[in-house]
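Letters A, B, ... are given to chains in the order of the sequence lines, protein chains preceding strands, and every chain is numbered from 1.
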Protein chains: 2
Amino acid sequence: MTEEPEAAPPERKRGSGARMVYDSLRDEILDLVLPPGSAIDEVQLAERFGVSRTPIREALVRLAGEGLVNTLPNRSTMVSNIDYLNLHTYFDALVLMYRVTTRLAAEHHRPADLEPIRAAQLQFAEAVAAQDALAMIDTNAAFHTAIAEAGRNPHFLAFFNRLLDQGRRILRIYYNAYEDRLPQEFVDEHEAMIAAVERRDVASADALAKAHGEQIAHKVQSLFLRGGRLDMEL
Amino acid sequence: MTEEPEAAPPERKRGSGARMVYDSLRDEILDLVLPPGSAIDEVQLAERFGVSRTPIREALVRLAGEGLVNTLPNRSTMVSNIDYLNLHTYFDALVLMYRVTTRLAAEHHRPADLEPIRAAQLQFAEAVAAQDALAMIDTNAAFHTAIAEAGRNPHFLAFFNRLLDQGRRILRIYYNAYEDRLPQEFVDEHEAMIAAVERRDVASADALAKAHGEQIAHKVQSLFLRGGRLDMEL
DNA sequence: CGATTCGTACTTGTCTACAAGCTGTGGACG
DNA sequence: CGTCCACAGCTTGTAGACAAGTACGAATCG
């Protein structure tokens, strides 16, 4: 009774172990289930996932390559901290990628590309209507990814997706710390961006994306800056 | 006599194995010693580096994360091919990062930042004077990296460095295939960029970086496009 | 009583062994 | 003669074991 003989029949196929561990860990980090700065123990994870340490290490190496964990040599690896002091550099990059991907979508999209964009926008609107912050974060990222894919530049797409992933952590903290109401205006801005892309209005798409991104950046930054100032006053 | 007892005394320290393999493989890929599309055999590499397959695999996972190798599940991993058909997307990204990093350097640099920039520019000028294409590729990348560091945005810096790495492969092919003379004008353009950064002239820095990047892009693309057209005519 | 040094336990980095999956060849059958 | 299937060899993915390096605590010395 102390151990189940076949508690979880290893129905996972060869080659899926490392990927499964990677996906799970990545989600847990981005969803703050594993908080920034927390230590990661390979043996513990190996037991939890029912695999040996080898796939665990492979997943950790990949996560380290994406900057989601930091590995200290011969010492434990930790979930990466969020650099609140340099948040502005993050938003600089994010806004630029908002602009570039939306511009390129307006230039290069094909009519069929609009379908996934509209589908993502629909889900985003539902999340906002339901005041579901977590779903809003995900569907917003999906919406912009769909636009970036219509822009057809894989380099921008990869970089953008990395930024959006990191933003997932920041936005979770934002909505956890400060129960902001989800603004309906984001939905309208998205609609305007779709319209600009559809009529291939590059200048308008750029301007809308810039305003959209800067608005988000301003909201988040003002909160964290306030928090930072509070910390300084203690 | 069949085997040396201590052919290579393993003087490598614990934790250096994977890093050494990674650095070596990365250099060999970027220097085209391992040509694009060539298969990578883990056992063979393990013998070559005198380590087991584990550090080899770790290095390969990291390289795959950077897109330098492609791993087919349960099958061999290969050195990534260069996507000649979408080169324009690469140069779009590169030119944008030229512009952004130079802009930010003009805005945010501190006087001490100019020293490494000037040092890199000196080495670049020497490489051009010596008509050493390989050194020119490296020193050009170092020059722009120094500028990007003065811009103080780690996200742009990381993305830019990735692009410059990939460009190393493309430029090697360019100069191998087509013995172009190294243009002195690149040196002058660099000098102009340094001057614009130093006097914090953002608009001028942006324009110079844009022209500089587009000139390189045009040269390389015209060659590859010509090559592509030739292939079509066969 | 405090600081330093030694020892012990734990964690990671690497190695070796084994099993699953793919590739290619050979033979049999239509 | 062409096509399909089975087997063999090889490569990768995973497991488990071992060694090195680190951190923490205890004991000893000043």
Legend entry - Residue pairs fulfilling side-chain hydrogen bond (donor to acceptor under 3.5 Å, both in side chains) with at least one residue in residues 87-101 of chain A, sequence neighbours excluded: A/Arg99-A/Asp206
Legend entry - Counterpart residues, salt bridge (charged side-chain N to carboxylate O under 4.0 Å, His left out), relative to A/Arg168 (two or more places apart): A/Asp27, A/Asp31, A/Asp138
Legend entry - Separation of C/dT11 C1' from A/Arg57 CZ (nearest whole Å): 10 Å
Legend entry - Atom-pair distance (CZ on B/Arg19; P on C/dT14), nearest Å: 12 Å
Legend entry - side-chain hydrogen bond (donor to acceptor under 3.5 Å, both in side chains) partners of B/Gln121, counting only residues at least two apart: B/His190, B/Glu191
Inset, instruction - Apply salt bridge (charged side-chain N to carboxylate O under 4.0 Å, His left out) to B/Arg26 and list each qualifying residue two or more places apart in sequence or on a separate chain. - result: B/Asp165
Legend entry - Any residue meeting side-chain hydrogen bond (donor to acceptor under 3.5 Å, both in side chains) with A/Glu47, in chain and number order, not counting sequence neighbours: none
Legend entry - DNA chain D-proximal residues of residues 59-71 of chain A, any heavy atom under 4.0 Å: none
Legend entry - For B/Glu42, all residues meeting side-chain hydrogen bond (donor to acceptor under 3.5 Å, both in side chains), sequence neighbours excluded: B/Arg53, B/Arg57
Legend entry - For A/Arg118, salt bridge (charged side-chain N to carboxylate O under 4.0 Å, His left out) partners two or more places apart: A/Glu198
Inset, instruction - Please name all residues satisfying salt bridge (charged side-chain N to carboxylate O under 4.0 Å, His left out) with A/Arg162, sequence neighbours left out, ordered by chain then number. - result: none
Legend entry - Expected output: side-chain A/Asn140 to main-chain A/Ile137 donor-acceptor under 3.5 Å: no
Legend entry - Under 4.0 angstrom between A/Arg53 side-chain N/O and D/dA15 OP1 or OP2: no
Polar atom pairs between nucleotides 22-25 of chain C and protein, under 3.5 Å, N or O only, would you list them?
residue : atom : partner : partner atom : Å
C/dT23  : OP1  : B/Arg75 : NE           : 3.4
C/dT23  : OP1  : B/Arg75 : NH1          : 2.9

Inset, instruction - Please list residues of residues 37-52 of chain B whose heavy atoms come under 4.0 Å from any atom in DNA chain D, ordered by number; otherwise none. - result: B/Ile40, B/Asp41, B/Glu42
Legend entry - Atom pair distance, as rounded to whole Å: CG in A/Leu72 and C1' in D/dA23: 13 Å
Legend entry - B/Ser80: side-chain hydrogen bond (donor to acceptor under 3.5 Å, both in side chains) partners, not counting sequence neighbours: B/Asn70
